[in-house]
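Chain identifiers are assigned alphabetically (A, B, ...) following the order of the sequence lines, protein sequences preceding nucleic acid strands; residue numbering begins at 1 within each chain. Treat the numbers as computed from the prediction; the structure is a model and nothing was measured.
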Amino acid sequence: AQSVTQLGSHVSVSEGALVLLRCNYSSSVPPYLFWYVQYPNQGLQLLLKYTSAATLVKGINGFEAEFKKSETSFHLTKPSAHMSDAAEYFCAVKGQGAQKLVFGQGTRLTINP
Amino acid sequence: SAVISQKPSRDICQRGTSLTIQCQVDSQVTMMFWYRQQPGQSLTLIATANQGSEATYESGFVIDKFPISRPNLTFSTLTVSNMSPEDSSIYLCSVYGTQRGDTEAFFGQGTRLTVV
């Protein structure tokens, strides 16, 4: 069965600083991995996804994530934080033959001016 | 991709009553998913709704409490029955993309339910 662990329920960075949100997964087969963002009072929006092509995945709003099989990680990064990045971020995993999407606990990103 | 319209966007309900949430998709999909997001928490899958068959519920969720209808390939409803304050959550509808190569899930804007 797949599972996802997000390290840090709350991350706070200064505007212009590096954003690093951590995600580790557990899967018995090569998975699909996703990062979603949820802005206040909104649904979930896909930031980026890994589907066994390139290990470095670029997404929207300047975010990217690197799939590292040896570390079972899929950490999300952005070189320079913007105030508009303040939101809740969810890492999710789905097995290639599975239908169910399993979410991590979420990380709330706060940007300090 | 898929565009999902969910109604209502929010509601405040009295305990003991029921609320039906509607989910409309702009394309035909085999499966529709209903999630609950309790305050400050992650998403938990309630059930998977297939057209023409009964919904499949996850552990901890039962049909009597969360009956689901799936009358066609673009529409589903979730009812939250006999509500209590513990049912106050965001309820989200989700489908997978219908384009070739789509692997990701798309979500409605959610229904923010407060039970008083």
Side-chain angles (χ1 to χ4, degrees), chain A residues 1-10 21 23 25 27 29-54 57 59-60 65 67 74 87-110, chain B residues 1-11 21 23-25 29-50 53 55-61 89-97 99-114:
Chain A
Q2 292 85 27
S3 66
V4 171
T5 301
Q6 289 182 243
L7 298 176
S9 60
H10 190 190
L21 304 184
C23 172
Y25 69 91
S27 176
V29 296
Y32 294 140
L33 291 159
F34 308 88
W35 276 100
Y36 285 88
V37 61
Q38 185 178 35
Y39 297 104
N41 299 314
Q42 294 190 28
L44 272 68
Q45 180 183 4
L46 181 71
L47 273 178
L48 48 79
K49 65 179 179 180
Y50 168 76
T51 56
S52 73
V57 180
I60 62 172
F67 173 72
F74 191 56
E88 189 88 18
Y89 291 80
F90 294 96
C91 184
V93 64
K94 181 167 82 79
Q96 291 192 22
Q99 296 300 331
K100 210 178 348 180
L101 194 59
V102 177
F103 285 88
Q105 304 90 317
T107 298
R108 175 155 295 178
L109 177 63
T110 301
Chain B
S1 67
V3 178
I4 301 172
S5 174
Q6 231 182 287
K7 292 192 294 186
S9 58
R10 61 179 66 240
D11 207 342
I21 302 167
C23 178
Q24 179 75 52
V25 187
V29 293
T30 305
M31 289 182 286
M32 297 177 75
F33 302 86
W34 287 99
Y35 288 86
R36 181 177 73 182
Q37 185 179 21
Q38 294 177 298
Q41 303 296 314
S42 186
L43 281 75
T44 301
L45 183 64
I46 298 172
T48 303
N50 292 311
S53 64
T56 302
Y57 289 82
E58 297 299 306
S59 176
F61 298 96
S89 297
I90 301 172
Y91 293 85
L92 296 119
C93 174
S94 173
V95 303
Y96 286 110
Q99 299 299 315
R100 183 182 179 85
D102 273 350
T103 54
E104 66 267 33
F106 296 87
F107 290 83
Q109 292 297 297
T111 296
R112 284 152 185 80
L113 171 63
T114 302

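- Considering CZ of B:F33 and CG of A:L101, their distance stands at 8.5 Å, rounded to 0.5 Å.
- Atom OH of A:Y36 sits about 5.0 Å away from atom CZ of B:F107, to the nearest 0.5 Å.
- Of the two parts of A:L46, only the side chain, counted from C-beta on, holds a non-hydrogen atom closer than 4.5 Å to a non-hydrogen atom of chain B.
- With a threshold of 4.5 angstrom between heavy atoms, A:Q38 approaches chain B through side-chain atoms but not through N, CA, C or O.
- Of the atoms belonging to B:Q37, it is side-chain heavy atoms, and not backbone ones, that fall under 4.5 Å from chain A.
- For chain A, the nearby part of B:Q41 is the backbone; its heavy atoms alone come within less than 4.5 Å.
- The environment of CZ in B:R112 is crowded: more than 12 heavy-atom neighbours from other residues, nucleotides or ligands sit within 6.0 Å.
- Judged purely by atom type and a 3.5 angstrom limit, B:S42 has no side-chain atom pairing as donor or acceptor with the backbone of A:G106.
- Proximity to chain B is limited to the side chain of A:F90, based on heavy atoms less than 4.5 angstrom apart.
- Considering every non-hydrogen atom in both B:Y96 and A:K100, the closest pair reads OH-C, 4.0 Å.
- Only the side chain of B:L45 comes within less than 4.5 Å of a heavy atom in chain A; its backbone stays farther off.
- Note that CG of A:L33 and CD of B:E104 are 13.0 Å apart. Values are rounded to the nearest 0.5 Å.
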